[in-house]
Asks: 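Below you will find the structure I want to go over with you.
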Amino acid sequence: MQRIADLTARNVRIIGAAELLDARSVPTALRELLENGCLVLFIEADAEQLAELGMRFGPWLHRVDSSTETTGLYMLNVDRIIHTPLGQTAAVRRALAGMSTVKMRSAAIKEIGSEIELNRAGWLSRTIHSPHFLVYILVFVYSSLRALPVVFIKQFHGSLVVLWSIDIITAVPYTWGVLAMLFAKRWQVRLAGTLTTLVTFVSPYVYFWLHGRNYPPYVALIILGLTLLSIFLELGKFNEERRLRARYAKAAATACAAAAA
């Protein structure tokens with residue numbers, strides 16, 4: 001996951017410390033979290049509960065709030081549960097055995113590896129249940145419909161099928177390119193993302209302009225409007241992500257300072 005803004009109710013859960021300290025219910029709770037694709041688990045715990053949670057989850061438990069009170073909000077990366085002291089217990093491993101991977105995160109499956117036998121789902125089933133599946137469907141529909149108005153532009157002499165194909169083929173790489181351009185950690189990936197975004201964005205318009213002449217002025221205005229709208233949308237996403245990262249970084253720094261004091 002590259003963006004904090006991608007965290008949703010599907011992959012984030014809030015759970016009481018008491019439930020994680022209940023030896024009878026915790027194996028089932030951990031299985032439910034992993035099997036349903038949860039990524040981040042937030043836990044509210046006081047000092048006494050924290051001591052017990054620390055023994056169960058070790059260094060994978062992090063405080064994320066900025067409060068100086070003894071009761072705090074802690075975060076656990078669900079993908080790493082298998083490596084925690086609790087995840088190494090026989091009771092938890094028995095509960096996790098046979099989990100369906102239909103909705104599981106790829107990172108969680110990788111972390112588990114061959115340590116626990118899983119009921120591995122096929123590629124198609126995992127794709128359909130992926131939270132990104134609907135997004136790609138919407139992108140596909142948008143790209144399909146975007147080429148239809150060209151039918152009414154008599155000055156266009158190219159192939160509508162080719163234009164439509166370019167739109168469809170470049171939709172997914174464009175989405176990846178924008179994410180990589182804005183949020184990738186390595187500059188090489190950001191550069192590749194920038195080039196991918198530029199090429200996939202302009203490709204349909206290049207074909208459109210190369211296969212037509214004397215377009216009415218409103219055609220250029222519509223294309224300009226779509227271009228500016230795309231730019232503003234991506235800038236809005238970038239600003240939202242930067243604001244969220246700054247907020248959580250500040251909270252984490254305050255929590256560390258409070259713990260050191």
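For this chain, numbers begin at 1 and follow the sequence in order.
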Asks: Run the side chain to side chain contact (heavy atoms under 4.5 Å, CB included) test against R126 and tell me which residues pass, sequence neighbours left out.
Replies: T101, M104, S106, I109, A121
Asks: Do you know which two heavy atoms are closest between T197 and G177, and how far apart they sit?
Replies: OG1-C, 3.0 Å
Asks: Below 3.5 Å, can you tabulate the donor-acceptor pairs from side chains in residues 150-159 to any protein atom, sequence neighbours excluded?
Replies:
from, atom 1, to, atom 2, distance (Å)
H157, NE2, Q155, O, 3.3
S159, OG, V161, N, 3.3
S159, OG, V162, N, 3.3

Asks: Taking only residues two or more places apart in sequence or in another chain, which ones pass ring-ring contact (aromatic ring centres under 6.0 Å, His included) with Y215?
Replies: F208, W209
Asks: Say you draw a straight line from CD of E115 to CG of L96; how long is it, rounded to the nearest 0.5 Å?
Replies: 10.5 Å
Asks: Hydrophobic clusters here meaning ILVMFWY residues chained together by side-chain heavy-atom distances under 4.5 Å, can you tell me if L30 and V40 are in one?
Replies: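 No, because L30 and V40 fall into different hydrophobic clusters, even though each may have its own neighbours under 4.5 Å.
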Asks: For a quick test of your reading: what N or O donor-acceptor pairs under 3.5 Å do the side chains of residues 14-28 make, sequence neighbours left out?
Replies:
from, atom 1, to, atom 2, distance (Å)
D22, OD1, R24, N, 3.0
S25, OG, E19, O, 3.4

Asks: Tell me, please, which residues at least two apart from D79 pass side-chain hydrogen bond (donor to acceptor under 3.5 Å, both in side chains).
Replies: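 Partners of D79 by the side-chain hydrogen bond (donor to acceptor under 3.5 Å, both in side chains) criterion, ordered by chain and then number, come out as R105.
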Asks: Check this for me: E48, atom CD, are more than 12 non-hydrogen atoms of other residues, nucleotides or ligands nearer than 6.0 Å?
Replies: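 No, CD of E48 has 12 or fewer neighbouring heavy atoms, counting only those of other groups under 6.0 Å.
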Asks: When you group the ILVMFWY residues by side-chain heavy-atom contacts below 4.5 Å and let the links chain together, are I166 and V206 in the same group?
Replies: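 Cluster IDs for V206 and I166 match.
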Asks: Give the table of side-chain donor-acceptor pairs shorter than 3.5 Å for residues 83-91, with sequence neighbours excluded, one pair per line with atom names and distance.
Replies:
from, atom 1, to, atom 2, distance (Å)
H83, NE2, E111, OE1, 2.5
T84, OG1, I81, O, 2.7
T84, OG1, G87, N, 3.0
Q88, OE1, R93, NH2, 3.2
Q88, NE2, I82, O, 2.7
T89, OG1, L86, O, 2.7

Asks: Are I112 and L39 joined in one hydrophobic group, where the rule is that I, L, V, M, F, W and Y side chains link up if heavy atoms are under 4.5 Å apart?
Replies: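 Different clusters: I112 never reaches L39 through Ile, Leu, Val, Met, Phe, Trp or Tyr contacts under 4.5 Å.
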Asks: On a heavy-atom basis, which atom in L76 and which in W60 lie closest, and how many Å separate them?
Replies: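 Distance-wise, the nearest heavy atoms are CD1-O, 3.4 Å.
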Asks: Identify the heavy atoms of A108 and L34 that sit nearest to each other, and give their distance.
Replies: CB-CD2, 4.0 Å
Asks: Is a side-chain donor or acceptor of T196 paired with a backbone partner of P173 at a separation under 3.5 angstrom?
Replies: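 Checking the backbone N and O of P173 against the side chain of T196, no donor-acceptor pair under 3.5 Å is found.
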Asks: Under 3.5 Å, side chain of E44 to main-chain N/O of L73, donor-acceptor pair present?
Replies: no
Asks: Look at atom CD of E117 and say whether more than 12 heavy atoms of other residues, nucleotides or ligands are closer to it than 6.0 Å.
Replies: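 Incorrect, the count does not exceed 12.
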Asks: Verify the cluster assignment for V202 and L163: are they in a single hydrophobic cluster under the rule of side-chain heavy atoms below 4.5 Å apart?
Replies: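 As far as the 4.5 Å side-chain criterion goes, L163 and V202 are connected within one cluster.
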